Asker: 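Dropping the structure in here first, questions after.
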Amino acid sequence: MQLERIARILKESQPGERIKIKGWVRTKRELKEFSFVEINDGSSLANLQVIINSNLPHYNEKIKKINTGTAVAIEGNLVESPAKGQRIELHAESVDIIGDCDPETYPLQKKRHSFEFLRTIGHLRMRTNTLGAVMRVRNACANAIHQFFQSRGFLWVHTPIITASDCEGAGELFTVTTLSLEEITQQKDKQITYKDDFFGRHTYLTVSGQLEAEIMAMAFTNVYTFGPTFRAENSNTSRHLAEFWMVEPEMAFCDLEGDQNLAEEFLKYIFKYVLEKCPEDMEFFNQRINNNVLKNAENIINEEFARITYTEAIDLLEKSGKNFEFPVAWGMDLQSEHERYLAEEYFKKPVIVTNYPKDIKAFYMRLNDDGKTVAAMDILAPGIGEIVGGSQREERLDVLQARIEELKINPEPLWWYLELRKYGSVPHSGFGLGFDRLVQFITGMDNIRDVIPFPRTPMNAEF
RNA sequence: UCCUCGAUAGCUCAGCGGUAGAGCGGUCGGCUGUUAACCGAUUGGUCGCAGGUUCGAAUCCUGCUCGGGGAGCCA
């Protein structure tokens, strides 16, 4: 008999069907004549309720082994459930214990656990309702991203994880090396010579695939990257990871407005997709995690994002009458409290802030005609802060060279990036979206460590 | 990295100088339809680690480790 997944059974199967399932026991309720056992196989939030009658052969011996966490195979008939709570239930005719689970030591109980505790049992926490829902939504998000770009003719390009360009200025980098650290620390006066290293030069884990994505966009017009990136920043917050996933579209023949349009359309598409594919999980988040999850999602989908320039944002902040910890002045970077005011209090929806002062943004962003600002854009989302950061890139060789010189960046390793401006250079734009933050935003989860299966943060690389 | 709060039973916490507690979980028993089941009984501890103060420290002090919240850095 073919193995059925529980999500499909709960949705489509009819009473009278004979089925076989395999999964893990979530709860068991023993009565005198029979027991209720709920089985979950990860395909859905809801469990399938199984009734095991005490007249089943070896009942006592088997029911003793069925505890929270036990892996079982059950075959039987589906019947209409006489009680409230479920449409159908499975009357077991055969029960096989596939893997025991010792209830005395199994750390998961059927009651609620704190997320802090669950992080210490990263190998088992996936079996909880919340982490299960998160991972299904995470998967749906990834799917939505590919569908969105693929349906618009974007090429998924694979930029390198190991890279020699450290010039983006996006935080501290992890060095990749095969040099012996033991040897180096013993030889005090010896200088590290990367010439002897694996690649013959100093290499790092990538902090962004953007510069390489620009190479690809200059040949394929519209491309996107979707993969892991790394920051060795000592950040201890609920929004930062040392290893996180990023989506970075890059579009040739596209200006900052086109960039904003794509980003807004993109976010709306993902939210719509997740609501459609994971209604049960989203309902769960709305009930148990954050009561605003569904309202926020509708807000993203239906409301046009606010769009203001940095200069207008400063003006709004100055007129807000708020007593900010960091005083507002043109030229400063927006602090968390400022971003929060704009997205959460003033607009109450995502806001795209554009044209930041050149001094607080990266060298590759296109200089505006005023000579003071660059064609950058950040999308600030309520409850999350900066979720998207993008810009129109500087396509003019002389202007780019002047910026590099101004910022005292060594142009030598950027030779290929500069050559892109020499041979068929075109206006182009792109943005980066923190994938884990997106999942955090959609699910309403407080801590980014609970939306990725294996979080990498300072002092933590277990599992 | 900075500020701040915390660490006591498997989990969530109370106790805040004088014999280590509760709820949940686990175990045993009961219950003809439960669904975070219910009822009764029972089990369970190097009070994060290392020093110090004291007749006496889970409790006060110092250092360290780890965790939460906030900030910076950013996505």
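Chain identifiers are assigned alphabetically (A, B, ...) following the order of the sequence lines, protein sequences preceding nucleic acid strands; residue numbering begins at 1 within each chain. Note that this is a predicted model, so its numbers are computed, not measured.
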Asker: Over all strands shown, is Thr105(A) touching base, sugar-phosphate only, or nothing at heavy-atom distances under 4.0 angstrom?
Answerer: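 Thr105(A): no heavy atom of the nucleic acid under 4.0 Å.
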Asker: Is the phosphate of rG68(B) approached by Arg119(A) (side-chain N or O, under 4.0 Å from OP1 or OP2)?
Answerer: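 For rG68(B), OP1 or OP2 has a side-chain N or O of Arg119(A) closer than 4.0 Å.
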Asker: By a strict heavy-atom criterion of less than 4.0 Å, which residues belonging to residues 243-251 of chain A are in contact with RNA chain B?
Answerer: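 Result for residues 243-251 of chain A: Phe244(A), Met246(A), sorted by number.
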Asker: What about Ser235(A): does its side chain form a donor-acceptor pair under 3.5 Å with the base of rC73(B)?
Answerer: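 Result: at least one qualifying N/O pair found.
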Asker: Taking only N/O atoms, report every protein-nucleotides 24-30 of chain B pair under 3.5 Å with atom names and distance.
Answerer:
residue, atom, partner, partner atom, Å
rG26(B), O2', Glu104(A), OE1, 3.3

Asker: Check whether any side-chain N or O of Ser238(A) sits under 4.0 Å from OP1 or OP2 of rG70(B), and answer yes or no.
Answerer: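 Answer is yes, contact under 4.0 Å.
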Asker: Taking for each residue the nucleotide of RNA chain B bearing the nearest heavy atom, is the 5' side occupied by Pro458(A) or by Pro82(A)?
Answerer: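 First, find each residue's nearest nucleotide; the 5'-ward one identifies Pro82(A).
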Asker: Under 4.0 Å, counting only non-hydrogen atoms across every strand here, what does Phe435(A) touch: a base, just sugar-phosphate, or nothing?
Answerer: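 It contacts nothing in the nucleic acid.
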Asker: Which listed nucleotide (rG72(B), rG33(B), rC74(B)) is nearest to the side chain of Arg231(A)?
Answerer: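 Side chain of Arg231(A) sits closest to rC74(B).
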Asker: My validator wants the stems of RNA chain B: runs of 3 or more consecutive Watson-Crick or G-U pairs, both distances under 3.5 Å, written as range with range.
Answerer: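 Only these stems qualify: B:1-7 with B:65-71, B:10-13 with B:21-24, B:26-30 with B:38-42, B:48-52 with B:60-64.
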Asker: In whole angstrom, give me the gap between the C1' atoms of rU54(B) and rC60(B).
Answerer: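 Going atom to atom, C1' in each nucleotide, I get 9 Å.
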Asker: Please state whether the phosphate of rC73(B), meaning OP1 or OP2, lies under 4.0 angstrom from any side-chain nitrogen or oxygen of Arg239(A).
Answerer: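 No, outside the criterion.
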Asker: Does Thr120(A) make a side-chain N or O approach to OP1 or OP2 of rG67(B) shorter than 4.0 Å?
Answerer: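 Answer no for this pair, as no side-chain N or O of Thr120(A) is under 4.0 Å from OP1 or OP2.
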Asker: Under 6.0 Å between ring centres: does that hold for His202(A) and Tyr204(A)?
Answerer: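 That pair passes the under 6.0 Å test.
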Asker: Are the aromatic rings of Phe149(A) and Phe266(A) close, with centres under 6.0 Å apart?
Answerer: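 Centroid distance Phe149(A)-Phe266(A): below 6.0 Å, so yes.
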